[in-house]
Every structure is written in structure tokens, then in C-alpha cells.
> 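Attaching a single structure in C-alpha cells format; questions to follow.
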Amino acid sequence: VALAEGCPGLRSVSFDGGFDDNSKLTDAAVVALAERCPGLIYVDFSGCPKLTAAAVIALAERCPGLQSVKFYECAGLTDAAVVALAKRCPGLQS
């Protein structure tokens with residue numbers, strides 16, 4: 001949440017790469033990021049197992065300019081979350 005508050009112009013964020021705290025990242029943190037950083041175009045939340053469809057739907061609703069998303073090893077995601085991204089993020093490439 002502090003990252004989102006301090007960097008409203010953030011366009012890219014990655015929590016992949018072996019961070020010890022990936023498993024602690026929550027939907028609430030991603031929702032706050034989406035609310036405060038609507039200009040995001042690249043997000044990588046690979047290896048963040050606590051994330052659910054709520055986080056992805058918030059990104060889709062608040063960050064329509066997303067071009068690339070990564071959610072490897074995020075088992076809590078649903079088809080509805082993927083559909084939301086497809087509908088609300090027309091520039092999505094990967």
C-alpha cells in the first residue's frame with residue numbers, strides 16, 4: 001500500500017523474482033495499488049498464492065491500459081477474472 005501511495009505514476013510493478021514476502025501479498029494490497037496507480041501497464045504477481053479473482057478484477061476495472069499481466073502460481077484466480085481483463089483491458093498483449 002505504501003508503494004501505491006508514494007508512486008501514483010507507477011507504470012510497471014513486479015513482485016516476482018524470489019522475494020521472501022510474495023506469499024504475503026494480499027488482494028487488499030493489489031486493490032490499493034490499482035486504485036492509486038491507474039496508469040499501470042505491466043504487472044507481475046507470479047508466485048503470490050494468496051491473490052484471488054478480486055485482485056485481478058480490481059486491476060481490470062481500474063487499470064484499463066494494462067498491456068501485460070503475469071499470474072503464474074496464483075491458483076486462486078478464476079475464469080471470471082480473466083474475462084474481466086479481456087473485456088476491460090483492450091490493449092492487453094500478454
Side-chain angles (χ1 to χ4, degrees):
V1 176
L3 174 68
E5 290 174 351
C7 303
L10 195 66
R11 307 219 351 119
S12 175
V13 65
S14 176
F15 288 92
D16 188 25
F19 292 105
D20 290 335
D21 289 345
N22 274 15
S23 64
K24 297 177 184 178
L25 190 67
T26 64
D27 286 346
V30 175
V31 169
L33 185 68
E35 287 174 349
R36 292 175 177 89
C37 303
L40 285 169
I41 59 171
Y42 172 85
V43 296
D44 185 349
F45 296 113
S46 298
C48 299
K50 289 187 177 183
L51 297 186
T52 69
V56 178
I57 291 170
L59 284 168
E61 290 175 347
R62 295 178 176 92
C63 303
L66 281 172
Q67 296 175 8
S68 179
V69 297
K70 291 183 182 179
F71 294 102
Y72 301 118
E73 299 178 18
C74 294
L77 304 187
T78 63
D79 291 347
V82 175
V83 169
L85 280 171
K87 285 184 177 180
R88 296 180 179 253
C89 303
L92 198 61
Q93 300 170 15
S94 65

> I need the D27 CG to C48 SG distance, nearest 0.5 Å.
10.5 Å
> Going by side chain to side chain contact (heavy atoms under 4.5 Å, CB included), name the residues that satisfy it together with A81, two or more places apart in sequence or in a different chain.
A53, V56, I57, T78
> Apply side chain to side chain contact (heavy atoms under 4.5 Å, CB included) to K87 and list each qualifying residue two or more places apart in sequence or on a separate chain.
V83
> Any idea which heavy atoms bring P64 and P90 closest together, and the distance?
O-CD, 3.8 Å
> Can F45 and L33 be said to form a side chain to side chain contact (heavy atoms under 4.5 Å, CB included), step by step?
CA-CA 12 Å; F45 296 113; L33 185 68; 3.9 Å; yes
> Applying side chain to side chain donor-acceptor pair (under 3.5 Å), which residue pairs with at least one partner in residues 53-70 are found, sequence neighbours left out?
S68-S94
> Determine, using the 4.5 Å side-chain heavy-atom cutoff (strictly less than), whether Y42 and L85 are members of one ILVMFWY cluster.
no
> Give, for atom CG of L92 and atom CD1 of I41, the distance between the pair rounded to the nearest 0.5 Å.
11.5 Å
> Work out which heavy atom in A34 is nearest to a heavy atom in A58; give both atom names and the distance.
CB-O, 3.8 Å
> Identify the residue among V13, T52, L51, V43 that makes a side-chain contact (heavy atoms from CB on, under 4.5 Å) with V30.
L51
> Any non-hydrogen side-chain atom of F71 less than 4.5 Å from a side-chain atom of L59?
yes
> Could you pull out the closest heavy-atom pair between C63 and C89, with the gap in Å?
O-SG, 3.6 Å
